[in-house]
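For reference, the structure discussed in these notes is given below.
Start at 1 and go down the list; that is how both ligands and their atoms are numbered. These values consider heavy atoms only, across backbone and side chains, with no hydrogens, waters or symmetry-generated copies.
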Amino acid sequence: MRQAGRYLPEYRRIREEHDNFLDLCFKPDVASEISLQPIRRFNFDFIILFADILVIPHALGQKVAFLKNHGPILEPIKSIKNLNYQNLKKCLDRISNIFQTLSILNGKKKDKKLIGFCGGPFTVLNYMVEGGTSRTHQQIKVFVKERRKEALELIHALTDISIEYLKQQIDAGADFVQIFESWAGLLKGKEYQDFIINPNQIISNELKRYKKSTKIIHFPRGSGYNYIEFIKEVVCDVISIDLTTPDEIKKLALEKNIIIQGDLDPKDLVAGGDQLEKEIKKTLDKFKDNSHIFNLSHGILPNTPIENVEKTIKIINSYDFTRRTS
Ligand code: CP3
């Protein structure tokens, strides 16, 4: 959850030297170094590739820029005809440096596991249509309702390119892949089925067919009760949960042998103190009968004090896991 990033001074130092954030993602030496920064500092169990979900619109020929202190800006797509997605392998050549970053990390990972990732097709489409971060998501909602056929055609293209992109990440050394469907919560009912469940299901099935031992993490953020439907239908090894996830997930995950990841509110990590300690213990207690990867429910906030991350690790390491019943 933004393991590397602006809360780290060593990241900010490198970031200052680059105007465009995407340049960082395409320099294997720099991107691999950034991926390792949080491991050196905190000795986390997983290394996550440093890149961004918006490299896919870039690969498809859409202009993407990250301006300082302003999130991403994408040149709005007027029509799918402007996008060059017929030759997926050629599109991926534009971002092939990312596979080099993974190869470097694979050579340095030792006993750590390496996570590759991409955005979920609907989440990537959301940014492509909105042209950046949006508060209301008006344009994507209208697009899905009024230009459904075109929207589904784009979802198919994004599903295909995501599969190919993740396969190449697996070839380069990713042990886990995470699919960030960060805006899944915008959709309900049949739209949720067609735009969230179906594409994520296709991605999982294709990847399992490609390499069974690669672990798949899904993150249909904001899905609420649809989290239950999601894990009933989409094959996953790990489900990344957030504050909308119902408690029923615990029983179903146990039955289906799915690991739960997440739960801590990033705001508690900023707050620190007794509140943080209380919330960490609450999360650990809550999932004591499940297999659980301790993580946040969304990305780490840039104003997170480093000592709060250190404190979290200490509390987890001193927790009495022997109370587990399984
Ligand atoms: O976790 C990691 O360390 C891996 C790297 C990673 C980044 N983005 C780096 C990043 C990962 C896994 C992502 C995923 C991502 N990117 C998502 C899905 C997860 C989520 O947060 O819901 C989304 C929606 C994006 C798109 C994106 N990238 C936005 C909206 C922004 C701007 C918001 C912000 O925090 O500034 C980014 C920028 C971004 N991606 C940063 C980092 C470290 C900050 C950029 C900077 O340094 O200027």
Say whether [X] and ligand 1 are in contact under the criterion: heavy-atom distance to a ligand atom below 4.0 Å.
X    : answer
G299 : no
L49  : yes
A51  : yes

Answer yes or no: does an N/O atom from [X] fall short of 3.5 Å to an N/O atom of ligand 1?
X    : value
W183 : no
R2   : yes
Q3   : yes
R221 : no

Please state which part of F219 comes within less than 4.0 Å of ligand 1, counting heavy atoms only: side chain, backbone, both or neither.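 Neither part.
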With a 4.0 Å heavy-atom cut-off (strictly under), which part of H298 contacts ligand 1: side chain, backbone, both or neither? side chain
Measure up the F230 and Y192 rings against each other and bin them: parallel (under 30°), tilted (30 to 60°), perpendicular (over 60°).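 Taking Y192 first and then F230, their aromatic rings stand perpendicular (interplane angle over 60°).
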Do me a favour and list the nearest non-hydrogen protein atom to atom 48 (O) of ligand 1 with residue, atom name and distance?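 Protein heavy atom with the smallest distance to atom 48 (O) of ligand 1: R15 NE, 2.9 Å.
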So, H18 versus K27: side-chain donor-acceptor pair below 3.5 Å or not? yes
Does a donor on one side chain and an acceptor on the other come within less than 3.5 Å for H298 and D242? no
